[in-house]
Amino acid sequence: MSTAPQPSAPLVFLKGHGTENDFVILPDPEGLVELPARTVARLCDRRAGLGADGVLHVVRSAAHPEARAMAATAEWFMDYRNSDGSVAEMCGNGVRVFARYLHRAGLVNDEAFGVATRAGVRHVRLGEDGRVTVGMGRATLPPQGEAPVTVTVGERTWPARNVNMGNPHAVAFVADLADAGHLLEAPVVAPADAYPEGTNVEFVVDRGPGHVALRVHERGSGETRSCGTGACAVMVAAARRDGADPAERGVPVTYTVDVPGGRLEITERPDGEIEMTGPAVIVAEGLVEPAWLEG
């Protein structure tokens, strides 16, 4: 990529959220904006910056080396960054907000289209009710016989299910969401080699049949108000715990997943494909002063 914008060119941004998982959106069709970790962290700073759980860098797939192979299927690439500046494979809530922005900006005209991500192309549908449905791909579960995973907070330890949704998750069922503690630091997950690059950790309670609620510590961001891939991982973990496997039943299985910022609907189909439906909102648009950004 080329150099960052010169001081004479303020950086355009938008702000959006999906179930209160919030993002700074940076339109950059030709991939001209460099985003070192310190710049992302500065933008996401909730006291001295714009404040966000992450950055949605909007780039044409053909203009980004990581996405060129997907350009024929998805014109736009979601170059997602966590709030600490680290690069992430996927963000489920982020894809919904990304899709909402593309349609709002007139960059896509269809109600259904593909979005390129580091976890592959995700297909989205914009609903008339304002919600967005995302095809999240298939969950990957470890083979039988793999060492069990545990999650520890303070003096308490729970067994957890390892679920990969294009990014890693450890899902622990607890008696009370308060058991997760303050979640300012990442919970301890063992064995360490189960997640060599770290993991998102979800703490889950039951609310009723096919209905669960979660709190999440997102890798690179801390506790967030929602996590779309986490909600999908939780749905799969809950369904398997409850003996519900769509591949065996031959019919879709749907769970309602409550997050601190709202509610998501997750469906797993018999072919293993998972769909997530939830809100996506654009709330603001403005300019970032280059002198501040460089400072």
Side-chain angles (χ1 to χ4, degrees), residues 21 37 41 53-54 80-94 117-119 136-207 212-245 255 257-260 264 266 268 272 274 276:
N21 195 188
D53 293 322
Y80 182 67
R81 313 297 178 95
N82 295 311
S83 62
D84 66 353
S86 58
V87 174
E89 304 91 339
M90 245 294 286
C91 177
N93 290 317
T117 76
R118 290 185 175 85
M136 298 290 289
R138 293 173 172 83
T140 301
L141 303 176
Q144 290 187 350
E146 183 170 296
V149 172
T150 61
V151 170
T152 299
V153 175
E155 301 298 319
R156 305 185 67 176
T157 298
W158 299 270
R161 183 177 282 271
N162 183 345
V163 183
N164 193 292
M165 286 300 309
N167 59 354
H169 298 269
V171 180
F173 291 90
V174 298
D176 191 309
L177 290 179
D179 292 344
H182 53 63
L183 286 183
L184 296 179
E185 296 87 29
V188 176
V189 180
D193 60 5
Y195 301 100
E197 297 181 3
T199 186
N200 304 286
V201 181
E202 287 79 26
F203 296 87
V204 188
V205 297
D206 290 299
R207 292 285 189 239
V212 295
L214 68 82
R215 287 177 63 197
V216 59
H217 183 283
E218 286 199 60
R219 176 186 56 171
S221 295
E223 182 172 15
T224 60
R225 299 284 292 169
S226 181
C227 177
T229 55
C232 294
V234 164
M235 179 271 161
V236 171
R240 298 302 182 274
R241 179 203 62 175
D242 297 341
D245 187 341
Y255 274 67
V257 180
D258 291 342
V259 297
L264 296 166
I266 314 295
E268 185 180 13
I274 297 172
M276 172 185 61

Derivation and outcome, side-chain contact (heavy atoms from CB on, under 4.5 Å), residues Arg138 and Ile274: CA-CA 6 Å; Arg138 293 173 172 83; Ile274 297 172; over 6 Å; no

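- Two residues are said to be in side-chain contact when any heavy atoms from C-beta on lie closer than 4.5 Å; Val188 and Val151 fail this criterion.
- Between Glu146 and Asn162 the shortest side-chain heavy-atom distance falls below 4.5 Å.
- Taking CG from Leu214 and CZ from Arg207, the interatomic distance works out to 10.0 Å, rounded to the nearest 0.5 Å.
- For the pair Asn21 and Glu218, the minimum side-chain heavy-atom distance is below 4.5 Å.
- Evaluation of the ring-ring contact (aromatic ring centres under 6.0 Å, His included) rule for Tyr255 yields no partner, not counting sequence neighbours.
- In this structure, Ser221 contributes its side chain and Asp53 its backbone to a donor-acceptor pair below 3.5 Å.
- Interatomic distance, CZ of Arg215 versus CG of Asp258, reported as 14.5 Å (0.5 Å rounding).
- Considering every non-hydrogen atom in both Pro168 and Tyr195, the closest pair reads CB-CD2, 3.6 Å.
- Thr229 places none of its side-chain heavy atoms less than 4.5 Å from the side chain of Glu89.
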Could you go through the side-chain contact (heavy atoms from CB on, under 4.5 Å) check for Arg240 and Val163 one step at a time? CA-CA 11 Å; Arg240 298 302 182 274; Val163 183; over 6 Å; no

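- Side-chain N or O atoms of Asp84 include one that pairs as donor or acceptor with a backbone N or O of Ser86 at under 3.5 Å.
- Side-chain N or O atoms of Asn200 include one that pairs as donor or acceptor with a backbone N or O of Arg219 at under 3.5 Å.
- Among all heavy-atom pairs drawn from Ser226 and Asn93, the shortest one is OG-ND2, 2.8 Å.
- Two residues are said to be in side-chain contact when any heavy atoms from C-beta on lie closer than 4.5 Å; His169 and Val201 fail this criterion.
- The shortest side-chain heavy-atom distance between Met235 and Met165 does not fall under the 4.5 Å cut-off.
- No option in Val259, Leu264, Asn167, Val216 other than Val216 meets the side-chain contact (heavy atoms from CB on, under 4.5 Å) test with Cys227.
- Heavy atoms only, all atoms of each residue included: Asn82 and Gly220 are closest at CB-O, 3.8 Å.
- Contact check for Trp158 versus Val174: side-chain heavy atoms found under the 4.5 Å cut-off.
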Please lay out, stage by stage, how Arg161 and Leu141 fare under the test side-chain contact (heavy atoms from CB on, under 4.5 Å). CA-CA 8 Å; Arg161 183 177 282 271; Leu141 303 176; 4.2 Å; yes

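- Contact of the Met136 side chain with the Met90 side chain is registered, since non-hydrogen atoms from C-beta on lie closer than 4.5 Å.
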Name every donor-acceptor pair, under 3.5 Å, that has one atom in a side chain of residues 176-186 and the other anywhere in the protein, sequence neighbours excluded.
unit_1 : atom_1 : unit_2 : atom_2 : d
Asp176 : OD1    : Ala178 : N      : 2.8
Asp179 : OD1    : Arg156 : NH1    : 3.1
Asp179 : OD2    : Asp176 : N      : 3.3
His182 : ND1    : Leu184 : N      : 2.9

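- Summarising the geometry of Thr199 relative to Ala170, their closest heavy-atom pair is OG1-N, 3.6 Å, with the distance given to 0.1 Å.
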